[in-house]
Amino acid sequence: MNGESCAPRTMSRLNIRVEGMVCQNCVQIIEKNLAKSDGVEAITVSLKDSMATVIYDPRFTNSQKLAEEIEELGFEAAPLSAPAASKAKDKCRIDVSGMTCNSCVAVIESGLGKIAGVESSAVSLEEGQAVVVYNSAAVTAEDFETAIVDMGFVVTGISNIDMDKVTESGEQGPPLHHKTSRKRKSQGAGELKESVVKVTIESSDEDNLLQAQFSVSGLSCAACVSKVEKHLKNKTGVHSARVALLAGRATVRYNPERITPEVIAKEINGLGFQAVYIPEASSGKGSILEFTVNSKVDDEQVHQAVQKVLGGKDGVIAVTVDRQGNAIVEYDHTIVGPRDIVEVVKNGGCDVNVQAKKIHILNHSQGIKKWGFVFLVSLVVGLPVFILQFTPYPHTIHHGNSSRTSNDWPPIASNGPNLRSFILFLMATFVQIVSGYPFYKAALQGLRHCSVGMDLLVVLATSIAYVYSVVVMIIDTVSSGLEYKTFFESISLLLMFISFGRLLEHIAKGKTTDALSKLMSLQPSTAVLVQMDGNGRIKSEERIPVDLVQVGDTLKVVPGEKIPVDGVVVEGSSLVDEALITGNRCQ
């Protein structure tokens with residue numbers, strides 16, 4: 001047996017800068033063509049970074065040939081790092097401070113990956129460290145420190161990690177499109193020998209991520225959105241978080257092995273908002289089917305009955321049934337369809353009523369009522385306070401046999417504050433407690449998480465004005481004759497204007513969400529399923545809920561009806577109103 005064919009193969013990793021890519025189609029073209037090239041074991045292309053990462057066998061190809069193949073496809077290519085197939089690599093650990101979210105991690109990893117000589121880099125947000133495997137002949141650890149500092153972070157320490165020769169099969173990198181085994185023909189001892197080269201790349205956690213959606217109320221501005229997103233991204237197990245202000249919706253991608261939707265909802269609630277998990281709008285590894293079960297057995301046995309009939313069904317991932325018989329089934333649509341699931345449940349002795357998918361749009365009516373009440377209180381009390389502040393109190397003051405007319409308000413007692421200040425104090429205290437409560441609550445919850453916003457500014461402004469006015473009023477009581485000015489009217493007017501703005505904001509959001517809900521309700525609830533015979537003629541027709549449409553079904557759409565789902569026209573022709581998509585009436 002030829003010893004060369006059994007010798008271990010050492011793969012090389014190459015980063016190639018690619019210019020001219022404009023879309024994912026360009027990415028697929030490069031990956032598809034280079035994957036067919038001799039010697040290429042794995043390839044991944046990043047449109048965002050304009051980078052192609054190739055793992056290849058240097059016996060069959062080299063960096064120049066790979067770059068030329070990309071250029072033949074119409075792009076500009078330039079290798080960034082020379083291959084280091086059989087050279088020993090160094091590994092260092094860099095302590096980095098200043099990282100606050102996963103975006104910082106992506107920035108550092110991307111920046112390090114562009115340095116010539118870097119084989120791989122992994123950054124941990126929790127540990128505040130970056131581990132880099134590199135070719136010491138091409139780059140040094142000090143170069144990494146300079147690069148990280150230029151990105152806006154602080155390097156607190158660098159330490160080398162002793163290691164033997166490291167091949168790409170032992171390094172964790174980005175997910176690659178690769179073939180686990182590949183046969184090659186090599187020349188050896190005057191005859192052709194077949195050898196198998198195997199490359200193992202660690203799979204990414206992307207495959208284990210699930211997506212959860214939450215209805216979030218209490219969002220008032222972009223700062224609230226940023227606060228929620230930043231807080232969630234820093235939690236262990238959360239991959240990404242996006243918050244829509246107008247829709248009041250948070251979409252979170254997470255690792256179910258590290259965190260649950262219930263914990264995520266509690267984290268959002270802890271920031272001062274109200275979050276409700278929407279299981280039916282969330283997506284796991286499969287599709288979702290909702291239906292109501294009317295079992296012929298006792299209500300207590302509904303859950304067991306559905307679990308029993310669906311437990312052995314291929315393609316069913318998870319089943320959830322509550323005591324009211326509402327069932328949520330997660331399934332793999334490539335293996336089983338929703339009608340198949342319904343038939344299995346029916347055959348198990350249960351009547352099934354398929355529900356239309358709920359449209360979850362945040363209801364702003366509660367917010368309108370809340371801020372309408374706050375504004376009304378501030379208006380009813382605030383305007384009299386404002387008027388009273390500048391209203392004189394004409395009266396006559398007698399001194400023995402003489403008297404004079406004065407516009408100053410008299411004191412409520414011989415050694416007490418004047419009457420106007422006391423009335424303003426009572427009215428401002430009422431406004432501060434009733435109208436200021438929502439602002440104080442939100443500000444305190446924000447401070448618990450070291451987060452400040454507009455609510456805290458309102459609280460500071462009103463509290464400072466209130467405390468100052470009370471203090472000078474007390475001083476005047478102790479030391480008569482002191483000239484002072486209170487700001488009780490400022491408290492009432494400030495809360496009145498801000499609450500009025502919040503009211504207008506919720507009214508505008510309510511109109512927007514109403515329009516969105518009406519648009520989403522335009523989707524048809526049923527579809528006409530047809531069965532075809534061997535000659536392509538319609539054998540039977542049945543109107544079914546649109547949620548029971550399966551992959552591969554043939555549907556009938558007559559003129560005037562709405563198209564229920566995406567599909568391909570197999571027979572017939574007509575005009576379609578695509579005004580909502582293209583702006584043109586008919587296509």
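Residue numbers count from 1 along this sequence.
Annotation: side-chain contact (heavy atoms from CB on, under 4.5 Å) contacts of L504 (sequence neighbours excluded): F500. Evaluation of the side chain to side chain donor-acceptor pair (under 3.5 Å) rule for E541 yields K556 as partners, not counting sequence neighbours. For S97, the side-chain contact (heavy atoms from CB on, under 4.5 Å) criterion is met by V154, T156, not counting sequence neighbours. Take F153 and apply the ring-ring contact (aromatic ring centres under 6.0 Å, His included) test, not counting sequence neighbours, and it matches no residue. Scanning for salt bridge (charged side-chain N to carboxylate O under 4.0 Å, His left out) contacts around D566 gives an empty result, with sequence neighbours left out. Shown here are the side chain to side chain donor-acceptor pair (under 3.5 Å) partners of T526, two or more places apart in sequence or in another chain: R543. Checked against salt bridge (charged side-chain N to carboxylate O under 4.0 Å, His left out), K227 has no partners two or more places apart in sequence or in another chain. For the salt bridge (charged side-chain N to carboxylate O under 4.0 Å, His left out) test, no residue two or more places apart in sequence or in another chain qualifies with E343. In this structure D553 satisfies the side chain to side chain donor-acceptor pair (under 3.5 Å) test together with R339, sequence neighbours excluded. Under the side-chain contact (heavy atoms from CB on, under 4.5 Å) criterion, V557 pairs with E561, I563, P564, not counting sequence neighbours. Taking the side-chain contact (heavy atoms from CB on, under 4.5 Å) definition, one finds that I368 meets it with L503, H506, I507, sequence neighbours left out. A search for side chain to side chain donor-acceptor pair (under 3.5 Å) contacts involving T236 returns E126, not counting sequence neighbours.
I70 has its side chain out of reach of L66: every pair of non-hydrogen atoms, C-beta onward, lies at least 4.5 Å apart. At least one side-chain heavy atom of R13 sits under 4.5 Å from a side-chain heavy atom of T53. Contact annotation: the side chain of M454 approaches that of R502 to within less than 4.5 Å [non-hydrogen atoms, C-beta and beyond]. Between F75 and M21 the shortest side-chain heavy-atom distance falls below 4.5 Å. Put simply, the side chain of I538 reaches to within 4.5 Å of the side chain of M532, judged on heavy atoms. For the pair I278 and R249, the minimum side-chain heavy-atom distance is below 4.5 Å.
Remark: K562 NZ is packed, more than 12 non-hydrogen atoms of other residues, nucleotides or ligands lying under 6.0 Å away.
Annotation for Q550 and P338: closest pair CG-CD, 3.3 Å, computed over non-hydrogen atoms. Between S217 and F273, the shortest heavy-atom contact is O-CB, 3.5 Å. Contact detail for Y254 and I259: the closest heavy-atom pair is CD1-O, 3.5 Å.
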Test log, rule salt bridge (Lys or Arg N to Asp or Glu O under 4.0 Å), inputs E229 and R242: CA-CA 6 Å; E229 291 180 342; R242 290 180 289 107; over 6 Å; no
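Checked for salt-bridge contact, E262 and K266 miss the test: no charged N lies under 4.0 Å from a carboxylate O.
No side-chain donor-acceptor contact under 3.5 Å links E109 and S121.
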